[in-house]
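Worksheet: the structure to be examined is printed underneath.
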2 protein chains.
Amino acid sequence: MDLRKLRYFSVLAEEKHFGRAAQRLSLSQPPLSLAIRQLEEEIGARLFERTSRNVSLTAAGLALQREAEVLLRRTEETRLLVKAIAEGKEGRLRLGFGSSMLYRGFPKILDAFQAASPDIELSVQELNSTEQIEALQRDEIDLGFIHGREVPSRLEGFRYHAEPFVACVPRDHPCAGTRSLRLSRLKDDEFVLFSRNVSPDYYQSIIATCLSAGFSPRVRHQVRHWLSVVSFVANGLGVALVPSTLKASNMAGAVFVSIREAKILSETWCVWKAGGPQRPALDTLIQAARKQSLAMN
Amino acid sequence: MDLRKLRYFSVLAEEKHFGRAAQRLSLSQPPLSLAIRQLEEEIGARLFERTSRNVSLTAAGLALQREAEVLLRRTEETRLLVKAIAEGKEGRLRLGFGSSMLYRGFPKILDAFQAASPDIELSVQELNSTEQIEALQRDEIDLGFIHGREVPSRLEGFRYHAEPFVACVPRDHPCAGTRSLRLSRLKDDEFVLFSRNVSPDYYQSIIATCLSAGFSPRVRHQVRHWLSVVSFVANGLGVALVPSTLKASNMAGAVFVSIREAKILSETWCVWKAGGPQRPALDTLIQAARKQSLAMN
DNA sequence: GAGATTGATATATCTTTCATATCGATGATC
DNA sequence: GATCATCGATATGAAAGATATATCAATCTC
């Protein structure tokens, strides 16, 4: 049961045809038949049902198909990883982050990691959630911090942070003095929203939240940074729903009021690619993120 | 880069000696040297530093050592899994659980899973947390529900449930009428405790909780089931700290009073072995457990 | 500096893998 | 329903790969 036979098996499992599979493997058909028969003997299980007219996977074969792909992919990733280490290219971890992470302990994670692993170079790039997911799957970054409600498929991760949305209103707004408000009191205000292109999840969940409170928000301004949102509000250009962290921005003219409706959360997830080779440096970084996550909750 | 070479590499990486490694592999030394050299060429990286006197791993070799072991182990597990499926032995999932799970949605998980996968046979066995962890590592069970504060090493899992401890006192106890109490008010009572052998974690955390409240509990009775704990209390044999679920036991004579001290939690974790082959039936079961977990929190 | 130990090299033997040629079974076609 | 085409299995010799024995060069021990 070596990788050669698993590779043959994997192609045959896709093609379900000895001739075509052999062709794809640059091989003639007899050795493929032989290899599959040997594989079946080594495992002690029939993997394909063949008639002289038809080839199909057995239940055991189906299970092996899933596993063979994992094993083959991971083997190849291991080769690349080991080669990269030998060439000194693995002393580097690439992080993706949205700008909102700057208010959520991102610098502390970097500091903690650099203190623990001073030899590893960190390179960070600002990407929105969608871009980060794509970058992870293309192996262009090693770790990301995204917004959403769950770990996207093919990734691993944990919920890094969750905080309630609060209303952000100008100082002279009727609600500015209250401790908390129902969302419906903002139904006639103009909303400053985080740009849909930059973070569809934020945009989506704010709209959905207003809808479930019984009104459709009047959207006037769309901006690209949270501080800009607060700044717009402070200048009387509208109201907004923002993660409560933004209270710390201390901008004159903007007042933060908590929302009666429970459980409206802004969630940040720390994610990385699933099923790859072990990477101690990445593990250390994830550990630093977990620690920071605990410190904030 | 086939499994044969990885196996050779793995042994050599342990022995750090071509002669001994070859012997362990039932091999003469030259083919081992050749295989390692070929592996290094295929990967494009030097894996060992050799002098004529000494063999040691390079950084790249160290990374490959970790990965090679994973790949070899997983390959073998895959063989066993596929064989088991072919022999019809995989239509079975073995669960471990502590008796307290009976009050925590365990029957519902079983029902939900059986409804979704009627062909899979479930076999359950009652084991304490320590036994379950060992059974998982020996592949004797597939999924367990244990008490603790985290996922034990070499396992994967999630926090299935967390609930506060409450005080359980007899009807005629001075505190029976109050809505909540400070632990120190129980410092002169006798305690009924869950047996230390059965669940060290429970025993431990109750003792620790009392200690941090400033007293050492007087332990008189140790019993092996939560309902026995409540029953003892109902009969005036002492007081106890129990997970709040036990309120539902509705036993006459026992009164439940919540505790002022915050954050004393009884945590249940759902765990399984990490890094094994993919198993759809197990995934479905885990999914059912997650769903039940959400329904209870 | 003699002897022992270690990993590398050389070469012959054996095993594995492969391609060509062919067979037997099955289903489509007329 | 006989003929033909297609598919996977089998047979066989050739090429490639893996192994064992014998030997070498370097290095350490005493």
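Convention: sequence-line order gives letters A, B, ...; per-chain numbering from 1.
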Interface limits on DNA chain D, where chain B has a heavy atom under 4.0 Å of a nucleotide atom: D:dA18 to D:dC28
Salt-bridge contact B:E76-B:K83 (side-chain N to carboxylate O under 4.0 Å): no
Mind calculating the distance between CZ (B:R4) and C1' (C:dT15) to the nearest angstrom? 12 Å
Please give, in whole Å, the distance from C:dT15 P to B:L27 CG? 15 Å
Protein-nucleotide distance (B:I36, atom CD1; C:dT6, atom C1'), rounded to Å: 16 Å
Polar pairs (N or O, both sides) under 3.5 Å between protein and nucleotides 25-27 of chain C?
residue: C:dT26; atom: O4'; partner: A:S52; partner atom: OG; Å: 2.6
residue: C:dT26; atom: O2; partner: A:R53; partner atom: NH1; Å: 3.3

Heavy atoms under 4.0 Å, any strand shown: does A:F48 hit a base, just sugar-phosphate, or nothing? nothing
Sorted by first residue and then second, give each side chain to side chain donor-acceptor pair (under 3.5 Å) pair with at least one member in residues 270-289 of chain B; sequence neighbours left out. B:E90-B:R279, B:D139-B:K273, B:D142-B:R279
Between atom CG in A:L25 and atom C1' in C:dA19, what is the gap in whole Å? 15 Å
Whether the B:E134 and B:T130 side chains hold a donor-acceptor pair (N or O, under 3.5 Å, no angle test) is what I'd like checked. no
Is NZ or CZ of B:R104 both nearer than 6.0 Å to the six-membered ring centre of B:Y160 and within 45° of the ring axis? no
Report the distance from atom CD of A:Q29 to atom C1' of C:dA19, rounded to the nearest whole Å. 11 Å
Between B:P30 and B:Q38, which has a closest nucleotide on DNA chain D that is more 5'? B:Q38
Is the closest basic N to carboxylate O distance between A:R159 and A:E267 below 4.0 Å? yes
Distance test, side-chain N/O of B:R50 to OP1/OP2 of C:dA8, below 4.0 Å: yes
Evaluate the side-chain proximity of B:N128 to B:I146: yes if any heavy-atom separation is below 4.5 Å, no if none is. no
Figure out the NZ/P separation between B:K16 and C:dT6, and round it to whole Å. 16 Å
Taking B:S10 for the side chain and B:A68 for the main chain, is one N or O donor matched with an acceptor at less than 3.5 Å? no
Would you check if the distance from the ring center of A:F145 to the ring center of A:F97 is below 6.0 Å? no
Whole-Å distance separating the NZ atom of A:K5 from the C1' atom of C:dC18: 14 Å
With heavy atoms under 4.0 Å as the rule, sort B:L34 into base, sugar-phosphate or nothing. base
Quick one: does A:L95's side chain get under 4.5 Å of A:S123's, heavy atoms only? no
